[in-house]
Amino acid sequence: MNHEFPRRLRRLRERRRMNRKALGECCGLSKNMIGKYERGEKEPSIRALVEIADFFAVSADYLLGREKIF
């Protein structure tokens with residue numbers, strides 16, 4: 001399991017001062033699913049990964065820890 005994704009997702013969400021519910025609504029996901037991603041309990045589908053990356057204007061590689069800079 002990728003340990004960078006949960007950290008980066010939470011960091012990006014908190015920088016925008018969003019709660020999980022608001023992020024979920026913007027990306028077509030539930031707040032519970034966002035929580036599971038942030039706790040590392042579940043990995044995102046490709047569709048969810050793309051939605052989150054597009055919302056934050058970062059690459060999927062950045063979210064997955066394959067790039068340091070977005």
TODO: Return each pair, listed once, that meets salt bridge (Lys or Arg N to Asp or Glu O under 4.0 Å) where at least one residue sits in residues 48-60; pairs must be two or more places apart or across chains.
DONE: none
Task: Verdict with supporting geometry, Glu38 and Arg13, salt bridge (Lys or Arg N to Asp or Glu O under 4.0 Å) - done: CA-CA 10 Å; Glu38 289 184 355; Arg13 180 180 61 77; 2.6 Å; yes
TODO: For residues 21-37, pull every pair meeting side-chain hydrogen bond (donor to acceptor under 3.5 Å, both in side chains), keeping only residues two or more places apart or in separate chains.
DONE: none
Open item on the list: Show the nearest heavy-atom pair for residues Gly40 and Pro6, with the distance to one decimal.
Closed with: CA-CG, 3.8 Å
Open item on the list: For Met18 versus Cys26, what's the shortest heavy-atom pair and its separation?
Closed with: CE-SG, 4.0 Å
[X] side, atom [atom1]; [Y] side, atom [atom2] - distance, nearest 0.5 Å:
X	Y	atom1	atom2	answer
Phe56	Leu9	CZ	CG	6.0 Å
Leu63	Arg7	CG	CZ	13.5 Å
Ile34	Cys27	CD1	SG	6.0 Å

Task: Main-chain N/O of Tyr62 paired to Arg8 side chain as donor or acceptor, under 3.5 Å - done: yes
Would you please name every residue forming a side chain to side chain donor-acceptor pair (under 3.5 Å) with [X], sequence neighbours left out?
X	result
Glu14	Arg10
Arg66	Asp61
Arg17	none

Task: Residues that Arg16 engages under salt bridge (Lys or Arg N to Asp or Glu O under 4.0 Å), provided they are two or more places apart - done: none
- [ ] Dump the intermediate steps for side chain to side chain contact (heavy atoms under 4.5 Å, CB included) on Leu29 and Ile52, then the final yes or no.
- [x] CA-CA 10 Å; Leu29 302 163; Ile52 293 166; 4.1 Å; yes
Open item on the list: Which residues pass the side chain to side chain contact (heavy atoms under 4.5 Å, CB included) test with Ala60, not counting sequence neighbours?
Closed with: Leu49
